[in-house]
Amino acid sequence: MGREGHLHREVASDISIYRSPYSLCLYAAAIISRVALMLYAEWQDANMLVKYTDIDYVVFSDAARFVTQGSSPYQRATYRYTPLLAWILTPNVYIHPAWGKVLFCISDILIGLIVQSILHRLIPHTKGREEERNLTILKYTALWLLNPVIINVSTRGNAESLISLFVMASLHYIMEDRLTIGAVLFGLSVHLKIYPILYGLPFYFYIENGRGKGLFSANRVRFFLYSALTFILTTAAMYIIYGKEFLDETYLYHITRKDIRHSFSVYFYSLYLDSNEPTGGPAALVPFLPQLFVSLLLFTWRYHRDIQFCLFLQTFAFVTFNKVCTVQYFVWYFCFLPVVLPFSSLSLKRLLSLLAVWFLSQGVWLWYAYRLEFLGEQTFLQIWMAGVLFFGVNILILCQFISHHNLTTQKMKSR
């Protein structure tokens, strides 16, 4: 009876944080900031030469318009996404052009709720210190909800928060042992954007970890089958409707992609020099080798028991080593930061120093990119050197996170 009473108090405490004045203020600030920027975007787009809305959002909207006309979304040049995204954004045509931005901002808010739920699971209850615990949870949740990069990306019309919502939801349900819904959401996330496939291996090993059930336990096999079936069915449906063009534009394109605009990648200059060469062949796969080794095999083997930290490391390394790296990709690992930082011994001073260096290295890149884009100067080499600097800063940050992380595998006991 005493244990039941203790669990009842813990659940009541977990629920109360969502209704607390601090929580309400946090979510109100998150919503107001996004609404304000969406309204400002309407003004800037109508009155200024440089638009606030990202060109990707224009591509999404055009693809959605083709879908409403019964045509293929790939009639819109540079649409490189699943048709499912164009279907989701058809209200851009039927209701209002800003529908997609609203959807992406709602995804931000839902991720905040998921982050809170995961932190409730990971941060232990301490008798007499519940208010302090709840404020700590809200503080780390605010790192996502009030993150200016996240707010900017979503209000400009990038869809990354929608993909991150599926990823974080799958993580949440897998940590709760609700494997069926977790597997379905994971399969959908991979269909929407192929990169979450990296998480399949750590998810598989995390399930029933420490329970002595064996490599091919029933739950592990069930998770694999449900997630694979979800991906296969959604992908097959899109293939039946749109044919090989769907596979080429949504998945195969990214293997041979040569993007020499707005990329922080260390591969920028080599892609620029080879931009007129034919794409494809085994050479196109070379950049993926170090990326897959570091982000998939190395971190999965070492950290799969500490699942949220493993996914953060994988994503951070994947983006850092990717042959194309843009600002919206940062969203992919920012969603894990609030559930990783509470277990880091990095001091606030060091964190702020790393953040300052990270932004400074981007500033160097942006300066040379500005000179190229707006002044017409040939700064391709300087942009690449700035990308190398940014790569080095990211490796430094990655090493700092690894060396200062406190493993949370003991939390597996609660599963």
Taking the side chain from [X] and the backbone from [Y], do they hold a donor-acceptor pair closer than 3.5 Å?
X      : Y      : result
Ser71  : Val67  : no
Asn92  : Gly100 : yes
Ser265 : Asn322 : yes

Can the ring centroids of [X] and [Y] be said to lie less than 6.0 angstrom from one another?
X      : Y      : result
Phe264 : Trp365 : yes
Phe316 : Phe401 : no
Tyr368 : Tyr370 : no
His304 : Tyr206 : no

To the nearest 0.5 Å, tell me how far [X] [atom1] sits from [Y] [atom2].
X      : Y      : atom1 : atom2 : result
Glu160 : Cys335 : CD    : SG    : 10.5 Å
Ile397 : Thr320 : CD1   : OG1   : 8.5 Å
Ile174 : Ile181 : CD1   : CD1   : 11.0 Å
Leu143 : Ile150 : CG    : CD1   : 10.5 Å
Thr315 : Phe336 : OG1   : CZ    : 4.5 Å
Arg220 : Glu208 : CZ    : CD    : 6.5 Å

Report the C-alpha separation of Tyr22 and Leu135 in whole Å, then their side-chain angles, then the decisive distance to 0.1 Å, and conclude whether the side chain to side chain contact (heavy atoms under 4.5 Å, CB included) test is met.
-> CA-CA 8 Å; Tyr22 298 111; Leu135 288 176; 3.7 Å; yes
Least distance between heavy atoms, [X] atom then [Y] atom:
X      : Y      : result
Tyr303 : Cys310 : O-CB, 3.3 Å
Leu119 : Pro338 : CD2-O, 3.4 Å
Ile111 : Ser161 : CD1-O, 3.5 Å
Pro202 : Leu311 : CG-CD2, 3.9 Å
Ser189 : Val167 : CB-CG2, 4.1 Å
Val364 : Ala386 : CG1-CB, 3.9 Å

What class does the angle between the rings of [X] and [Y] fall in, given that below 30° is parallel, 30 to 60° is tilted and above 60° is perpendicular?
X      : Y      : value
Phe223 : Phe186 : parallel
Tyr242 : Trp87  : tilted
Tyr199 : Tyr195 : perpendicular
Phe60  : Phe104 : perpendicular

Counting only heavy atoms not in Tyr52, do more than 12 fall under 6.0 Å of its OH?
->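 Yes, enclosed.
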Atom CE of Met238: over 12 foreign heavy atoms under 6.0 Å |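 More than 12 heavy atoms, drawn from other residues, nucleotides or ligands, come within 6.0 Å of this atom.
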Using the ring pair (Phe, Tyr, Trp, His ring centres under 6.0 Å) rule, pick out the option among Tyr329, Phe330, Phe334 that qualifies with Trp332.
->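 That would be Tyr329; it is the only one of Tyr329, Phe330, Phe334 passing the ring pair (Phe, Tyr, Trp, His ring centres under 6.0 Å) with Trp332.
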Can you confirm whether the side chains of [X] and [Y] place a donor and an acceptor under 3.5 Å from each other?
X      : Y      : value
Thr235 : His191 : yes
Glu132 : Asn134 : no
Thr53  : Lys101 : yes
Arg34  : Ser154 : no

Side chain to side chain, [X] and [Y], heavy atoms closer than 4.5 Å:
X      : Y      : value
Glu377 : Leu372 : no
Val340 : Leu313 : no
Thr250 : Arg80  : no
Trp144 : Leu337 : no
Val339 : Phe312 : no
Arg133 : His120 : yes
Leu85  : Tyr79  : yes
Gln328 : Arg156 : no

Does NZ or CZ of Arg178 lie under 6.0 Å from the centre of the six-membered ring of Tyr173, at an angle within 45° of the ring axis?
->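 Here Arg178 fails the 6.0 Å and 45° test against Tyr173.
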Give a yes/no verdict on a cation-pi contact between Lys244 and Tyr239, requiring under 6.0 Å between NZ or CZ and the six-membered ring centre and an angle within 45° of the axis.
->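 So Lys244 doesn't make the cation-pi contact.
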May I have the step-by-step check of side chain to side chain contact (heavy atoms under 4.5 Å, CB included) for Asn152 and Leu37, ending in yes or no?
-> CA-CA 8 Å; Asn152 177 260; Leu37 275 177; 5.6 Å; no
Passes side chain to side chain contact (heavy atoms under 4.5 Å, CB included), Tyr40 versus Thr155? Steps please.
-> CA-CA 10 Å; Tyr40 170 76; Thr155 55; over 6 Å; no
Among Leu366, Ile383, Thr379, find the one that has a side-chain contact (heavy atoms from CB on, under 4.5 Å) with Arg371.
->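 Answer after filtering Leu366, Ile383, Thr379: Thr379.
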Between Tyr27 and Gln116, does a side-chain hydrogen bond (donor to acceptor under 3.5 Å, both in side chains) hold up when you go through it step by step?
-> CA-CA 12 Å; Tyr27 281 92; Gln116 274 190 265; 2.4 Å; yes
Stepwise, does the side-chain hydrogen bond (donor to acceptor under 3.5 Å, both in side chains) test hold for His404 with Arg350?
-> CA-CA 11 Å; His404 288 84; Arg350 179 165 294 190; 3.1 Å; yes
Tell me, with the steps shown, if Arg222 and Thr180 meet side-chain hydrogen bond (donor to acceptor under 3.5 Å, both in side chains).
-> CA-CA 8 Å; Arg222 178 160 59 95; Thr180 300; 2.9 Å; yes
Take Phe166 and Lys193 through the side chain to side chain contact (heavy atoms under 4.5 Å, CB included) test and state the conclusion after the steps.
-> CA-CA 10 Å; Phe166 280 88; Lys193 198 101 171 184; over 6 Å; no
